[in-house]
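The structure displayed is predicted, hence computed values, not measured ones. Read the numbers this way: they start at 1 and go in the same order the structure lists the ligands and their atoms.
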Amino acid sequence: MRVYNFSPGPAVLPEEVLRRAQEEMLDWHGTGMSVMEMSHRGPEFGEILTRAEADLREILAVPSNYRILFMQGGALAENAIVPLNLLGEQGLADYVDTGIWSQKSITEASRYGEVVVVASGKSSGYTRIPPESEWRRSPDAAYLHLCTNETIGGLEYHWLPEPAYGVPLVADMSSNLLSRPVPVERFGLIYGGAQKNIGPSGLTLVIVREDLLGRAHPLCPSAFNYQVVADHASLFNTPPTFAIYIAGLVFAWLKEQALPGLSALASMEARNIEKSALLYEALDESGFYRTAVEKSDRSRMNVTFFLPKEEHNAVFLAGAKERGLVQLKGHKSAGGMRASIYNAMPKSGVVALVEYLAEFERVHG
Ligand SMILES: *Cc1c(COP(=O)(O)O)cnc(C)c1O
């Protein structure tokens, strides 16, 4: 039996995608082999890679002067790969600190150059995203980095900074990429691990504007040099073939989810607004549960909340599990609960959670 899996990542995937992969597991399209067993340089995998890239380009409306790279190492590797590729002669980059994931980006980038923290949510206990009016940006930064969705704290940008000084915007979108339309042309580079909202772990997506290629530090490993990876169409070395295949099935699934008259991502956004509003409304109306994040900065992907007493947590989680609602425990650094409700979480899962919240409150409130 499938459960409702609220894991922050690796996370729930569309059941249709898993079934399709199951059907094709032993024999992909009459080749007599699994995608896992294919040469990454053969025509069959070539078809899978080309289709995945074309679908992603279409769904996200990636302009033609951007390259899509299928890489490895996850977002944490990108925290080093980005400065290695982009710091250039400036040697200085701006970072916005909105929580644990942006802090990790800051710490790693500091090993490669000068990092200026232009704003921090620290004074608010990371319950709000510092408004742009509080940012102190450097005119000579090689780039400005932000994390568009703080997966642990449960904060999400619902706005984008103004372009300034011609400084490219770089974003860690690991946990909200493909959950909503994104104006890619406003960014210099977007990266994210696939395992939150896109596919299996092992695949990292990078979308980079062409003029930012070719600036890598001489000591940057070739496999992590964006120019090299782009020149080889993501086949400089063996890419994570099976993860790319599954991500490709997810892209195709996303296209099928488009509502009449809406793009795939506008449709996902509408669903994600609906699902997250259901959950936040239930939490706001209860008087039992508590949320910490400023309403305007609440994540649609990761809904964090607290029970009145810490000793409720274990009972809450056990009761949830009995109902097939799993992986609701908050990150150890944050405590409380976190419901990750990515694209593949059906509305019925959120409804089941909301019903459980009410029931738990009736008994323990
Ligand atoms: C999960 C996550 C990461 C870590 O990604 P890895 O793929 O484990 O390296 C980094 N940033 C954000 C926003 C995340 O959600």
**Q.** Matching residue for Glu156 among Arg300, Arg128, Arg180 - test: salt bridge (Lys or Arg N to Asp or Glu O under 4.0 Å)
**A.** Arg180
**Q.** Amino acids contacting ligand 1, non-hydrogen cut-off under 4.0 Å
**A.** Gly74, Ala75, Leu76, Trp101, Cys147, Asn149, Thr151, Asp172, Ser174, Ser175, Gln195, Lys196
Q) Below 4.5 Å, heavy atoms only, C-beta onward: do Tyr95 and Ser102 meet side chain to side chain? A) no
**Q.** Ring center gap for Tyr245 and Phe45 short of 6.0 angstrom
**A.** no
Q | Donor-acceptor pair between Ser138 and Asp94 side chains, under 3.5 angstrom | A | yes
Q: For Arg298, check salt bridge (Lys or Arg N to Asp or Glu O under 4.0 Å) against everything at least two apart and list the hits.
A: Asp284
Q: Measure from the ring center of His364 to the ring center of Phe360 and say whether it is less than 6.0 Å.
A: yes
